[in-house]
Amino acid sequence: MNALPREFYARDVLEVAPDLLNKVIVHGERSARLVEVEAYAGTDDPGSHGYRGPTPRTEVMFGPPGHLYVYFTYGMHWCANAVCGADGTCMAVLLRAGAPLTGLEVMRVARGPAARRDRDLCSGPAKLCQALGIDRAVNGTDVVAGTGVTICDDGTPPPTDPGRSTRIGLTAGADRRWRWFVTGDPNVSR
DNA sequence: CCGCCGATCTTT
DNA sequence: AAGATCGGCGGG
C-alpha cells in the first residue's frame, strides 16, 4: 500500500476532496478508509478558518500541500485536514469520517464506552481523530513521508458517483455543496 | 430513530 | 462570544 504522492495534493481542493474518498489513512497499527470529506478554500471561502488570512492556528493550511492541519474545537475535540493546493495558498480537505480497517481494539479503547458499534468509531471528524490518535502532536506533519500519519492508496478507486451535499455545521458559506461521501456507507456521519 | 442541550476552552 | 462536535437524555 503506497502513500499518495505530493502531486496528488498539489491541485485545487475541489478536485482533491472527492479523490480522497476510499483512500486509507494510517497511524501506526490503526487505519480507516475515508468515506466522507469536505473542501475548504481559504481566503475565498467564508466557511474556512483561513478566510481572514493566516494566523498561528491556521499557518499550516497556508503552507505546502500534503501536510496535516489539525485544529482543536468546542473545548474538547480535534479535527484533521489534508492541506492542498500550491504552497502559499490556503486549501484543505476536512477528513470527516472513515470505515475502520485495522487496529479496532486500540480504537475502541481510545474512543471509550460511547463507541458501542464499529460504526461509532470513526463516523465523524472528531471521532475519526480520537480513534486514530490524532491531536496537536501531529499538526503540520507530512502525510506523504510514510512516517507517522500517512494517507495511502490500496487500489480502491473513488466512487464513480459519490454522494454530495452542503457542508455540515457551518453558518458562513453553508450554501456551497462541498461535502462528498460514499453513498450508503454506514460510517458516514449523521 | 430523532431532537435538544450541556460540556469545555481556544481563538478572535 | 462563537465555534468545520459529540454524547446523553427524553420523547415518539
Side-chain angles (χ1 to χ4, degrees), chain A residues 9 12-14 16-18 20-21 23 25 32 34-63 65 67-85 89-100 107-141 143 149 151 162-182 184-190:
Chain A
Y9 303 95
D12 190 277
V13 69
L14 297 183
V16 178
L20 276 173
L21 291 177
K23 297 300 185 288
I25 181 167
L34 298 172
V35 297
E36 179 184 352
V37 297
E38 283 177 355
Y40 288 86
T43 50
D44 293 328
D45 176 9
S48 169
H49 292 163
Y51 184 51
R52 311 207 176 245
T55 66
R57 179 206 204 187
T58 62
E59 61 180 359
V60 173
M61 269 203 295
F62 288 83
H67 291 253
L68 211 55
Y69 165 52
V70 180
Y71 68 90
F72 185 66
T73 192
Y74 291 104
M76 60 191 94
H77 299 303
W78 299 98
C79 296
N81 299 250
V83 174
C84 302
T89 67
C90 179
M91 296 179 176
V93 177
L94 174 64
L95 310 179
R96 278 199 60 91
M107 289 185 185
R108 289 187 192 104
V109 173
R111 289 277 297 117
R116 279 204 97 248
R117 306 159 298 183
D118 287 352
R119 71 176 190 239
D120 298 325
L121 291 173
C122 303
S123 55
K127 297 179 194 178
L128 180 69
C129 285
Q130 193 176 28
L132 288 171
I134 291 173
D135 61 16
R136 167 161 246 108
V138 293
N139 183 38
T141 58
V143 296
V149 178
I151 301 178
R164 188 168 173 183
S165 79
T166 55
R167 296 175 293 183
I168 293 186
L170 300 192
T171 52
D175 52 316
R176 304 187 188 194
R177 297 180 65 228
W178 285 1
R179 171 178 178 252
W180 288 267
F181 55 94
V182 178
D185 192 289
N187 298 280
V188 172
S189 72
R190 317 231 4 143

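None of these values were measured; they are calculated from a predicted model. Chain letters run A, B, ... following the sequence lines, proteins first and then strands; every chain starts at 1.
Checking dC1(B), dT12(B), dG3(C) against every side-chain atom of Thr171(A), the shortest atom distance belongs to dG3(C). Each of dC6(C), dA7(B), dA4(C) was ranked by its minimum atom distance to the side chain of Arg111(A); first place goes to dC6(C). Nearest to the side chain of Tyr71(A), among dT12(B), dC6(C), dA4(C), sits dA4(C). For His77(A), the side-chain atoms get nearest to dC6(C) when compared with the rest of dC9(B), dG7(C), dC6(C). The nucleotide whose nearest atom lies closest to any side-chain atom of Ala114(A) is, among dA4(C), dG7(C), dC1(B), dG7(C). In this structure, of dC6(C), dT12(B), dG7(C), it is dC6(C) that holds the atom nearest to the side chain of Ala126(A). The listed nucleotides are dC2(B), dG7(C), dT10(B); the one nearest the side chain of Phe72(A) is dT10(B).
In a base pair of the Watson-Crick type (N1 to N3 plus N6-O4 or O6-N4) or a G-U wobble (N1-O2 and O6-N3), with each distance short of 3.5 Å, dG3(B) is matched with dC9(C). Nucleotide dT8(B) forms a pair with no other nucleotide shown, judged by Watson-Crick or G-U wobble geometry with both contacts under 3.5 Å.
Distance Glu59(A) CD to dT10(B) C1': 15 Å, rounded to the nearest Å. Distance, Arg57(A) CZ to dT10(B) P: 11 Å, rounded to whole Å.
Checking Gln130(A) against Asn81(A), the closest nucleotide of DNA chain C that is more toward the 5' end is the one next to Asn81(A).
The phosphate of dT10(B) has neither OP1 nor OP2 within less than 4.0 Å of any side-chain N or O from Thr73(A). Contact check, His49(A) against dA4(C): a side-chain N or O comes under 4.0 Å of OP1 or OP2. In terms of phosphate contacts, Arg96(A) brings a side-chain nitrogen or oxygen within less than 4.0 Å of OP1 or OP2 of dT5(C). Between Arg136(A) and the phosphate of dT10(B), there is no side-chain N or O to OP1/OP2 separation shorter than 4.0 Å.
Here the side chain of Asn81(A) pairs no donor or acceptor atom with the backbone of Val83(A) at under 3.5 angstrom. Between the side chain of Arg111(A) and the backbone N or O of Asp120(A), at least one donor-acceptor pair lies under 3.5 Å. Between the side chain of Arg179(A) and the backbone N or O of Ile168(A) there is no donor-acceptor pair closer than 3.5 Å.
Leu34(A) pairs with exactly one of Val93(A), Leu128(A), Val182(A) by the side chain to side chain contact (heavy atoms under 4.5 Å, CB included) rule, that one being Leu128(A).
A donor N or O paired with an acceptor N or O is not found under 3.5 Å between the base of dA7(B) and the side-chain atoms of Tyr74(A).
The existence of a salt bridge linking Asp45(A) and Arg167(A) is confirmed by a sub-4.0 Å separation between a basic side-chain nitrogen and an acidic carboxylate oxygen.
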